[in-house]
Amino acid sequence: MMIMDKKYHFHIRHRFLLAGFLCLFGVCLIAQVKPVHKKTKVVSEVGKAETNRGAVGAKKDKKLEKNKTRVDLLHADEAQADKMLRPDVQVLIGSVKLRHDSMYMYCDSALIYEKTNSVEAFNNVRMEQGDTLFIYGDYLFYDGVAQLAMLRNNVKMINRKTTLTTDSLNYDRLYNLGYYFEGGTLTDEENVLTSDWGEYSPATKLAVFNHEVKLANPRFTLTSDTLKYSTESKIARILGPSNIINEKNHIYSERGIYNTLKDQAELLDRSVLTNEGKKLVGDSLFYDRKAGYGEAFDNVVMNDTINKNMLTGDYCFYDELKSNAWATKKAVAIDYSQGDSLFMHADTLRMNTYYLNTDSMYRELRAYHKTRIYRSDVQGVCDSLVFSSKDSCLTMYHDPILWNEKQQLLGEEIKVYMNDSTIDWAHIVNQALTVEMKDSLHYNQVSGKEIKAYFQKGEMRKIDVIGNVLVIFYPQEEDSTMIGMNTSETSLLNLYLKERKMDKMVMSPKSNGTLYPMDQIPVDKMKLPTFVWFDYIRPRNKQDIFEWRGKKTGETLRKTSRKPVTSPKRELFKSN
């Protein structure tokens with residue numbers, strides 16, 4: 001009897017010792033699970049789940065009522081339970097296989113909690129749903145009622161060709177949504193995306209990334225604060241301040257989409273495209289990286305900080321491969337290289353580059369039609385113009401007119417040659433006329449077939465009037481009092497200026513002309529046959545360049561076919 005009692009007590013002690021060891025084993029495994037800490041912008045696991053389910057909580061409760069199926073044990077090498085100490089817990093050891101509805105779970109060991117219909121799984125954890133979704137980790141807590149899986153340490157979610165890796169992942173089976181909150185990486189065939197926290201839906205193939213977001217692509221890198229991405233279409237939707245950078249350009253945007261397959265961007269909210277010193281800004285932008293062009297719409301500004309010029313308008317197109325650009329709809333070209341900015345408006349402004357990336361490269365700026373120019377010291381109008389960096393020449397076509405203070409220049413065509421962004425000399429071709437306003441009744445006037453004006457340090461110093469020269473001139477006393485009106489006629493007139501005033505006049509052949517006293521000037525002699533004063537056309541300020549005012553009927557020039565006269569030698573200027 002004593003022997004039987006001893007055996008009985010030994011058996012009882014052994015049973016309680018085994019149960020205690022198994023419970024301790026379960027506690028130790030739970031203690032090994034990495035705890036979840038809150039971070040800025042990061043909520044607790046339960047809070048995060050509630051945030052994602054918030055607005056649809058009632059619908060989920062109904063789903064839960066319909067999905068109260070039990071987590072089933074399909075296989076384990078060893079199963080143990082203690083109905084006295086932990087009656088609702090099963091301890092499973094070795095090659096554990098479980099199933100809940102269509103989800104299969106595998107691990108090395110597990111604890112099943114029957115009352116709560118939940119599972120803790122340890123080591124080599126794997127979840128499989130169909131042949132498209134696989135989740136791996138070191139630890140899993142699965143709530144069968146809420147259908148929420150919480151995986152920790154070395155977690156990997158694989159959905160076809162998309163892989164999400166993290167150390168902390170919650171997967172909501174009801175909404176087919178996985179979310180992480182301690183850093184994660186999503187990889188597909190095109191891109192690698194990382195962020196502090198985010199979510200991914202295998203059903204919709206949509207991922208949302210938040211805080212310290214980075215999309216790495218072989219051709220560019222996108223960094224952002226908030227980004228939505230489709231692993232199916234490879235389209236990234238920008239939802240916060242973002243930068244897209246490659247070796248050639250930089251895009252900044254706070255709202256828009258970027259198709260990473262086609263390398264196309266559609267950007268809103270004053271996004272910025274920067275390329276080799278050129279910055280393109282607009283209310284909205286379209287950019288095709290593969291084709292190498294960008295379009296900007298509404299309130300467009302393209303600023304070239306290297307050459308110190310700017311292009312504005314309501315539409316702008318830029319071809320970065322050919323280095324060409326054009327703008328329409330209130331298009332304005334602004335040159336601010338000289339301190340005092342020059343503003344030029346036309347229906348269309350175009351910049352073309354020729355022989356790109358060669359020693360012969362040059363650019364042309366074309367303006368057409370209804371071109372108007374304003375700077376404080378010079379104004380101009382014409383139908384169209386071309387500026388070429390090849391010869392630094394600006395050519396104005398079709399009834400061009402230039403004004404400088406009280407002086408007006410016009411002809412069939414005007415060419416202005418530049419030297420380091422300042423005027424070197426100007427050439428007025430055919431039907432040339434220069435007029436200087438003395439007062440509302442009296443004008444100095446010179447007409448000829450051609451006029452050539454030469455400058456030094458931006459100031460006009462010499463004027464050559466060539467062919468059929470007619471002159472009306474008002475000589476002055478030292479106190480600027482006009483003493484009369486002189487009329488002359490010659491073949492070549494050389495005018496020399498000093499401090500913007502007439503210094504010397506040379507006529508070839510010499511002409512005495514006629515001098516009329518101020519009180520004896522015939523009215524019909526006061527104006528040359530070609531005299532016109534176009535002050536009503538002249539731009540008054542930089543806003544006035546948008547108001548086109550053409551010449552009145554009968555005041556336009558009739559085009560001639562005569563070629564320019566051979567230029568006098570430039571040494572005439574040096575002889576002064």
Exercise for the section: Mind running salt bridge (Lys or Arg N to Asp or Glu O under 4.0 Å) on R152 and D138 for me, showing each step along the way? Expected result: CA-CA 6 Å; R152 301 293 179 265; D138 292 342; over 6 Å; no
Atom pairs and distances, side-chain donor-acceptor, residues 388-395, under 3.5 Å, sequence neighbours left out:
residue : atom : partner : partner atom : Å
S388    : OG   : K390    : N            : 3.1
S389    : OG   : R363    : N            : 2.7
S389    : OG   : R363    : O            : 3.3
D391    : OD1  : C393    : N            : 3.2
T395    : OG1  : K415    : NZ           : 3.4

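Residues passing the side-chain contact (heavy atoms from CB on, under 4.5 Å) test with E266, sequence neighbours excluded: I257, F286.
Listed by first then second residue, pairs satisfying ring-ring contact (aromatic ring centres under 6.0 Å, His included) with a partner in residues 221-266 read F220-Y258, not counting sequence neighbours.
At most 12 non-hydrogen atoms from other residues, nucleotides or ligands lie less than 6.0 angstrom from NZ of K161. Annotation for E189: atom CD counts as buried by contact number, over 12 foreign heavy atoms lying within 6.0 Å.
Ionic pairing of E114 and R86 is not present here: no N-O contact between side-chain nitrogen and carboxylate oxygen is shorter than 4.0 angstrom. Note on D283 versus R270: salt bridge recorded, some NZ/NE/NH1/NH2 to OD/OE distance being below 4.0 Å. A salt bridge between K234 and D188 is present, with a side-chain N of the basic residue lying under 4.0 Å from a carboxylate O of the acidic one.
Between Y293 and the choices Y287, Y318, F317, the ring-ring contact (aromatic ring centres under 6.0 Å, His included) rule is met once, by F317. Partner of M105 under the side-chain contact (heavy atoms from CB on, under 4.5 Å) criterion, out of R99, R126, H100: H100 alone.
No donor-acceptor contact under 3.5 angstrom links the side chains of E364 and N352, judged on distance only. Y106 and S95 are not linked by any side-chain donor-acceptor pair at a separation below 3.5 angstrom, with hydrogens and angles left out of the test.
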